[in-house]
Amino acid sequence: TDPALIRNFCIIAHIDHGKSTLADRMLQLTGIVEERQMRAQYLDRMDIERERGITIKSQAVRMPWSPTSEDGTATPHILNMIDTPGHVDFTYEVSRSLAACEGCILLVDAAQGIEAQTLANLYLAMENDLTIIPVLNKIDLPAAQPDKFAAELAHLIGCEPEDVLRVSAKTGEGVGELLDEVVRLVPAPVGVKDAPARAMIFDSVYDAYRGVVTYVKVVDGELGRRERIRMMSTNAAHELLEIGTNSPEMTAADGLGVGEVGYLITGVKDVRQSKVGDTITQFHKGATEALPGYKDPKPMVFSGLYPLDGSDYPELRDALDKLQLNDAALVYEPETSAALGFGFRVGFLGLLHLEVIRERLEREFGLDLIATAPNVVYRVVMEDRTEHTVTNPSEFPTGKVDEVHEPVVRATLLAPSEFIGAIMELCQTRRGNLQGMDYLSEDRVELRYTLPLAEIVFDFFDALKSKTRGYASLDYEPTGEQSADLVKVDILLHGDKVDAFSAIVHKDKAYAYGVRMAGKLRELIPRQQFEVPIQAAVGSRIIARETVRAIRKDVLAKCYGGDISRKRKLLEKQKEGKKRMKVVGRVEVPQEAFIAALSSD
Ligand code: GTP
């Protein structure tokens, strides 16, 4: 295909602003999905995506479109629509999808207006120099305020309010005109036809039947069927078993040329061999310089996952192995905890990623899990200049610590202006730094903060929602690290450390954490035959103490007289209970107590 007739674009939108619905309409209007085959959200294929209504994995679809020009002639064009994952955790994947496009549709719900995610994605699109087409969706809704939000959008991206298109993805109104505008406004891809091939991987998904399916955009040259290719980040060689385009089902082709978007299959079985952001070239006489922007996916949040029933450990390992085939960002290694037994320390891109993986483990693999409170990755520099990377608080080094570095994020918060005070107060208590503030319109404001990631990981989103009656939206992306006054707080039961409760917190919050955990545990731990002190400590210094008082544990004391069957029943029950007990040092703790203490509230 002549690159001049290709348009590569994506749709960026806040959750629920109608991206999938608009994509559906486009598939229908361009005729590649027939009416009767149409099902809602054609492109979201994973069950969990459908259920939660979120798009996790991006895909690309090729659609023919002949725009009606002013003189009445129609030139057939090819539109490649690249679906981007919507959530913050997947920012890196979003940015790679954007890099495969020359333009994007900025889709905003005409009843809601701009949200934080719209902004975060818009900034990414601007960084990638994309042509931006502002569009208001859901104009069929009675609550729509298209004039108000067109003005807001125009103000934001610096265009005229009349330039903001208005569509209804539900009824299809305005969608044809939108496709015409895509052809008119989005630049055609440019690349060097006679150069060695360079194709950028913007997605890679595992398919049980076909192995890994890799989605690419060819920037320079051409890739053909049966060619030997090389992954430039690893130098690994593969043979191209199949190459083709999606429209919307996979259709094999002889090759892909400059500006084209499609898929390829090499027979690798693991997405980590075909990484998002990597450059593919020919094995022989290939390119020497990779396309810019490759980054290894880096886990930002860690949590210990333990099977509730210790004998499920092998199943948990198998399940993680399976999930990793399709998720290059998921990392894990075995870990043992005195309190929780055998499990894994698992690394995630962010909280949603954690939640999705945990839910898949429980739902698709039928596992019951205990998860420790999520923590971020710390870089600890000792006085002798040695460095430790800490992904598990209980492994915080002992000895002379010079500096502790923690990851920070750039957060974008958006809310009605009446909540500015509440948001500032919240960010203040979470060690945030205000970077800037802008009014999007008279009554809506955007606040930009840098915040420690660790402070967001702990229920920040819930706190924000409750302080703003659900009106604020939040997005963030990692921006580096800072050194901070952080200490490890340990929780001791009868003098023994309970590893699962160790936490790294800011010095000013150590006391509050210690008091809260000790208090929680006192309520949850049953009385034993001896007195059990519960202590919180920073190093060897005790900062909080509670006591579970001793009791003579005579369950039969209540049974006066000779009701032997009742006695037996009580003894049975006690035995049952024992099985679910974990022993920490000399103290028996019911598993439920750990779970309750670990649950964040
Ligand atoms: P994520 O995949 O979660 O990012 O959401 P999305 O942006 O893809 O939104 P989706 O297409 O799932 O639409 C969200 C809801 O809005 C659905 O209930 C749609 O039926 C509805 N919706 C989408 N477009 C329109 C529209 O033009 N008018 C009306 N009335 N409803 C719409």
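Whatever order the structure lists ligands and atoms in, that order sets their numbers, starting from 1.
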Q. Any donor and acceptor pair, going by atom type alone, linking the side chain of D327 with main-chain N or O of A329 inside 3.5 Å?
A. yes
Q | Region of T171 engaging ligand 1 - heavy atom pairs below 4.0 Å | A | neither
Q: Pull out every atom of ligand 1 sitting under 4.0 Å from any heavy atom of K19, numbered as shown with elements.
A: 6 (P), 7 (O), 8 (O), 9 (O), 11 (O)
Q: Using only heavy-atom distances, determine whether the side chains of Q324 and R272 contain a donor-acceptor pair under 3.5 Å.
A: yes
Q. Is the shortest N/O to N/O distance between I139 and ligand 1 below 3.5 Å?
A. no
(Q) Any donor-acceptor pair under 3.5 Å linking the side-chain atoms of E260 with those of T1? (A) yes
Q: Find all atoms of ligand 1 within a distance of less than 4.0 Å from any non-hydrogen atom belonging to T21, and give their numbers and elements.
A: 10 (P), 11 (O), 13 (O), 19 (C), 23 (C), 24 (N)
Q.
Once ring pair (Phe, Tyr, Trp, His ring centres under 6.0 Å) is applied, do any residues pair with F344, and if so which ones, sequence neighbours excluded?
A. Y313, Y332
(Q) Tell me the nearest of H17, K138, E173 to atom 22 (N) of ligand 1, using heavy-atom distances. (A) K138
Q: For ligand 1, indicate whether the residue K170 contacts it via side chain, backbone, both or neither (heavy-atom separation under 4.0 Å).
A: both
Q.
Which of the numbered atoms in ligand 1 are under 4.0 angstrom from any heavy atom belonging to H14?
A. 7 (O)
Q. Is it the side chain (CB and beyond), the backbone, both or neither of A13 that lies under 4.0 Å from ligand 1, heavy atoms counted?
A. neither
(Q) Are L361 and L320 packed together at the side-chain level, in the sense that at least one heavy-atom pair is separated by less than 4.5 angstrom? (A) yes
**Q.** Selection residues 169-179 - residue pairs positive for side-chain hydrogen bond (donor to acceptor under 3.5 Å, both in side chains), sequence neighbours left out
**A.** S168-T171
Q. Would you say the side chains of D109 and N137 form a donor-acceptor pair under 3.5 Å?
A. no
Q: For L141, take its heavy atoms, then give the atoms of ligand 1 lying under 4.0 Å from any of them.
A: 30 (N)
Q) Where does D16 meet ligand 1, judged by heavy-atom distances below 4.0 Å: at the side chain, the backbone, both, or neither? A) both
Q: Compute whether any side-chain donor of one residue and acceptor of the other, for R62 and N8, lie under 3.5 angstrom apart.
A: no
Q) Is it the side chain, the backbone, both or neither of D140 that has a heavy atom closer than 4.0 Å to ligand 1? A) side chain
